[in-house]
Amino acid sequence: MKRLSSALVVVIILLTPAHAAAQRRAAAARVDLIVSGGTVVTMDASRRVIEDGAVAVEGGRIVAVGKRGDITRRYAAGEVIDARGRAVIPGLINGHTHVPMTLFRGIADDLDLNEWLTKYIFPAEAKNVTEEFVRAGAQLGLAEMIRGGTTTYCDMYYFEDAIAEETERAGVRGVLGETVIDFPVPDNKTWPDAMRYAERYVARWKGNRLITAAIAPHAPYTVSEAHLREVRAFADRTGAPVVTHVAETRKEVDDISRDHGARPVEYLARIGFLSPRVVAAHTVHLTEGEISLLKQNGVGSVHNPQSNMKLASGVAPVPQMLRAGVAVGLGTDGAASNNDLDMWEEMDTAAKLHKLTTNDPKTLTAEEALALATIGGARALHMDSDIGSLEAGKRADIVVVDLDALNQTPRYSIYSHLVYATKAADVRTVVIEGRVVMRDRRLLTLNETLIKQKARLLRERVTRSLR
Ligand SMILES: [Zn+2]
């Protein structure tokens, strides 16, 4: 009798839902993290949007994307981020900035590039930029970028090795270009010193999961032909990406044409500088022939609509570049010329700017604008096998965006909503390389109060230096 009752208990246990759930869990594969629920906007090749979707993450990579029911049946996670009622998108990619220039935010506005650079920026940099300054500015910019859902950025500045350390510490992904230029700058006073710095810097970060160390010749009008050729050889030998400014202003086109008898992209092609390692910011003033040269040489282009508008540099032929198959991304440029690192504003501006200049509201749709800031940016940085979309096998850079703010209510179309209505402040949770760096709007890797204090102190120093 006693034996019979214990057998009965076993049968009852086997039939309870709790046991069934436990058995399912045992069958499910363990993963580190599941982002569960919400509208998953994958930005994959078929532009899949999954309602009530989920993303499973293991070892810093995405292992599966699908319906929440399927994912939670197949996987069990140590950590679950509840994204129900929210959007889940690939991390945004800021394809061009100068992150420490956050400390020069608003230092001089309403000027053209030449006057702005030579009268204000270069002197302010000469008097203020130290490694300490660069670290403080990088922290400020990194905090701003995480808050806005940017998970990868492409930078060019001085003391880039220190920027790389700050970026890694913040848990952000970066293609970080050490700037080389034909005059003495804060970190290196001669060209050979700058190249030696670049050599050490690129070697140091080789194989890092977050940091891609790059070399960044400032522009074809500030770096000589011989030095540009040297940079190309350096990139071929080390595999480092080359980040640069190209064809930003009419003046640049005139000067390069006068000095080299060719337009900027033609000149760079002629001297063998262009390659699939090059990331060219701006590319505003291009002929059809130059667009073909960018495509033929596999050069990535980064569009900076707000910076180009503010400095009245011109409008990049983005629709033409896209039609020609050029990889085009989107960037904010430095905060001294924009004046923030907000990729939501850039998407919105890009979509509207090209409608205006082509006189056609069908140009650059909301979906295409979001693509520029995600998979397009990944292609422009030559990293699309790793980032830019939510797909199994890619690195787990995932952003959860609230959809219930007043400015987002009500909702009809997810792409329209993300590009035309959503603000950086609507970003809720940010995951980079599988690690949560902002949870429910709380930064986990950076101290916002300290960062702001330091920035205000440095502003006083900058102001004094310019008197
Ligand atoms: Zn720039």
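All ligand and atom numbering here is 1-based and tracks the order in the structure. Numbering of residues begins at 1 and proceeds along the displayed sequence. In what follows, every heavy atom counts, from backbone to side chain, and hydrogens, waters and symmetry copies are set aside. No experiment lies behind these values; they were computed from the predicted model shown.
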Decide whether [X] and [Y] meet the rule of one side-chain donor and one side-chain acceptor closer than 3.5 Å.
X      : Y      : answer
Thr150 : Asn94  : no
Trp191 : Glu230 : yes
Thr332 : Tyr153 : no

(message) Would you say NZ of Lys127 has more than 12 non-hydrogen atoms from neighbouring residues, nucleotides or ligands within 6.0 angstrom?
(response)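 Yes, because the 6.0 Å sphere around NZ of Lys127 holds more than 12 heavy atoms from other groups.
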(request) Step through it carefully: locate the ring centre of Phe133, locate the ring centre of Phe104, and say whether they are under 6.0 Å apart. (result)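 Between Phe104 and Phe133, which both carry aromatic rings, the centre distance is below 6.0 Å.
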(message) Using a cut-off of 2.8 Å, how many protein N, O or S atoms sit around the Zn ion (ligand 1)?
(response)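 Of the protein's nitrogen, oxygen and sulfur atoms, 4 lie under 2.8 Å from the Zn ion (ligand 1).
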(message) One thing to verify: whether Arg196 and Asp193 come together as a salt bridge, which I'm taking to mean a side-chain N less than 4.0 angstrom from a carboxylate O.
(response)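 Counted as a salt bridge, because a side-chain N and a carboxylate O are separated by less than 4.0 Å.
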